[in-house]
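Residue numbers begin at 1 in each chain, while the letters A, B, ... track the order of the sequences.
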Amino acid sequence: MNLRAPNTWTVAGLSLFVGALVGVSAALLESASRPWRIGDFIPATINRPGAAVAEVEVLQTVYNFGTVGLGVTGFHEFVIGNTGTAPLSLKRGATSCICTVSDFETIEGKSSVAEKIVAPGATTKVKVQWRGKGESGPFRQKATILTNDPRREEIAFVVEGSVVPTWKAAPEAIVLTNVSRSSGQRATVKIFTFGPQPPEVDTLTVSHTTGPQAAQLFSLSTALLDPAEIKAETGATGGFLLSVDVNPGLPIGPLRHTIQMVFRIPEEVTAEVPLVGEVTGDLALAGTAWDSSRQALSLGTVSSRSGLHTQLFLTVKGPHRIAVRPVVREVVPQSLEVLIGEAKPVGNGAVLRIPITVSVAPGSPTVNHLCSPQAPAGKIVLETAHPDTPTLTIPVCIAIGP
Amino acid sequence: MMTCRLFYFAVCAANVLFYGATSVLFVARQACADESTRAVAVATAAPTRGLDVTDAIVETFQQRNGPIFEDWKKPRALLVITGELNGYIEPCGCTGKENQKGGLSRRQNFLRAVQAAGWPMLAVDIGGQVRRFGRQSEVKFQSIADGLRAMGYSGVGFGSDDLRLPAEELIAAVAAVGDQPSPFMSANVGLLGLDANITPRLRIVEVGGLRIGITSVLGEKEAGQIRNDAIEILPAAKALEGVAAELKNSQCSHQVLLSFSSPEETKTLSARYPQFDIVATAGGADEPPAQLTQLPGRAQLVELGHKGMFAVAIGFFDNPALPMRSQRVPLDARWGESKDMIRLLGHYQSQLESLGLTGLGLVAIRHPSGRRFAGSAACADCHKRAFEIWKDTPHATALQTLEEQFPSRDSDPECLSCHVVGWAPQRFEPFEGGFSGMASTPHLAHQGCENCHGPAASHAAVERGDVRASLTERDRLRQELVLSIDTPEGKQRATNNCLECHDLDNSPAFEFDTYWPQVEHSTTAPPDNQPASE
């Protein structure tokens, strides 16, 4: 085999050409897959040998205040160092809600923006202040400092903790959902205090928001909380259990009262806890088709071909709940089929639920009871055996079409 | 000849080295640039803004509240968690809506942006939609439930304030409608009893080829605060036994526990049921941390903040080195407004208007002073200078700002209480003789004199001569209305009064010393038409 060496210069030139081609292709391929973007590159000052640059050094960016009193101002000084060779400029950035950053001064003749300059090798403190304004409970807020360090243009300092009030009610309000008019109910609320001494209760009153007679229908009492209960509430130093006995006989309608308490810890504190709720009758209806605003079973327009099947629940509370056994006495339109199911207790048994199935069989005749002046409501009339509500009439808004 | 050959081989070797070096450099640079290159390429498709939102707004809020999904590539599935709306269905706009976060409208636009980016997504909510009791909260809960359905939520838990509402109202809002299942669920809460099966105890959702099991619980401490006999609540830990076993056997890729309880109680539940890798809790700080908290085991704790200001998004990836990433999403103006949710809010406001104060069950309460209101115009008869200053302040057009909002909120007691005369601002209730509507009490519109100085009907009547009173009685009535800031106690009293409306939600920047000069009308001189000797 006669191996003839090619011309050296040709090989060298060809190699350089192929090499350049591969290099250019590689560069093009890469630049296509990574588009040019402003900010992709570190400023020239960093790359320029010997150029002076400010460099931020921060050892701590999160500080936990622990517990802070309501209305109390707390602050923390974060340390920022400049390990670079140029002066470090710090400016206030955005802060969330109730944080303030202080100790920044305007440099006369140089800058109209509040700014702080840190010499190379020096450190400074930035004071982040928290005001315990507003609600008690945990908080976390952020304050941002802008720098001229191209590697770290923004530093976010976070302060967190928990605001502790003078006193606290748990829950915040006494809510009595659907109190039975015919039976009493007891509700309790824990009052935690954060003073130097356990609370001594002086007076308890219920506001007369719906008349003085209503206030007489409540009985109030207190008992000191167990140490374990107090310990479970962060920062609490004392507390008592406030009990409210709601006696039978309240008028049906909304309950809107305020319980006013005066206690000493040792300074005198006047505190209020809302007492709200609704007093209702013993019988109530629930279900997706039950329209509580109109107090009607709203079934809409039903096709006679497909029919309808829906379920309602009759809930019964109060001392007579066991006696309630509903029986269907009348149905309009007659094509409605109404079946009463078995009564079952809910939870602790203070309420019974009785399912009521309402159906329209396919092929039922067309009717219109859409609850308008021209098409008055249909109805389902039940005999309940409840002494106060022996008959329950359920308005039904329905049209059966073809 | 030999020299030429050597030169030839040297050139070949140099070229091989050159190719090799070029290739190594290329591969190395590609590898180094891998994450950022791909991120930039993908970032253009990442959901970072609402539709039709301008670049300027997006840049402003990126700077203010941080960028969203920076360096993210498309996840296999994105789990969006929200919760603790606390009744803040929409930012009130008191300090400029753009300065406030939250609201269902922005939330829907955020979810739509995720869907528009083609990211497979499911949304869940830990509950806590309302925080008050009464007819308005019932109507609001219904509206929010409708909104969550419209947004396609896959799972929604119950908060303690939700469960204080009457069971019949809750059922109407949350139960399945026709063949549409209810998004609400709970392992331990049963409306009319757990065996009534009005809401399911768990749900398994398939998204992006992943099976995700979801359940929710109400914590024991929260449950202990509820007095609602029509609702059955089991202890959370006990109720989870059966549900956790069912989820364990369901071949889920991820299991999510929505725990409406304190972080401490949630952590205890997580330790007992380590199968849940995502555990969302209530009761954290106002602003959730930027990163999820790693709990012992594999669980990640998700805090959501309060008032629905944030959503937390968790991306699931096929990358074994980085199988999961999270993003705290501030629901700020970069997401724009959703017409569907604005329509829903309009319907909510219409309901409030048609119910009226009586229909909402609002009973006027007695003012602590026992006095009645006269209206700001009555003050103008004597206090001309103060009135002239007041009528050029925003206080004098406070009700108008509610009327001009879209949808208007001039029938919303939660807004009215700080925009008219004679209401208890933090209780959202009218005082006896306070504003009850433009038809009946137009003289009590706007934020007037008596909200700071106290009801002045008796004082005005005596000064006008409508009622006869002794000089002592007249002076007493005058003195009752004096609000002086010349003493520390007086200034504190005035500040506390301002804070009733200029609270953290509606006026976070409020400082008495900076706000007072804007409305300052104090004078040591007597009223304009009274002799100095008086």
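For T280(A), no part lies near chain B; criterion is any non-hydrogen pair under 4.5 Å. Neither the backbone nor the side chain of E138(B) comes within less than 4.5 Å of any heavy atom in chain A. Only the side chain of Q185(A) comes within contact range of chain B, with heavy atoms under 4.5 Å apart. Looking at P289(B), both its backbone and its side chain come within 4.5 Å of chain A, counting heavy atoms on both sides. Using a 4.5 Å cut-off between heavy atoms, K190(A) makes no contact with chain B at all. In this structure, chain A has no heavy atom under 4.5 Å from any part of L191(B). Contact of A284(A) with chain B is made through the side chain alone, with heavy-atom distances under 4.5 Å. When heavy atoms are compared at a cutoff of 4.5 Å, A196(B) approaches chain A by way of both its backbone and its side chain.
The side chain to side chain contact (heavy atoms under 4.5 Å, CB included) with L176(A) is formed by just one residue from the set L275(A), V279(A), V244(A); it is L275(A).
The shortest distance between side-chain heavy atoms of V158(A) and E287(B) does not fall below 4.5 Å.
Remark: the Q142(B) side chain and the D146(B) side chain contain an N/O donor-acceptor pair separated by less than 3.5 Å.
Salt bridge R186(A)/D245(A): present, at least one basic N to carboxylate O contact under 4.0 Å.
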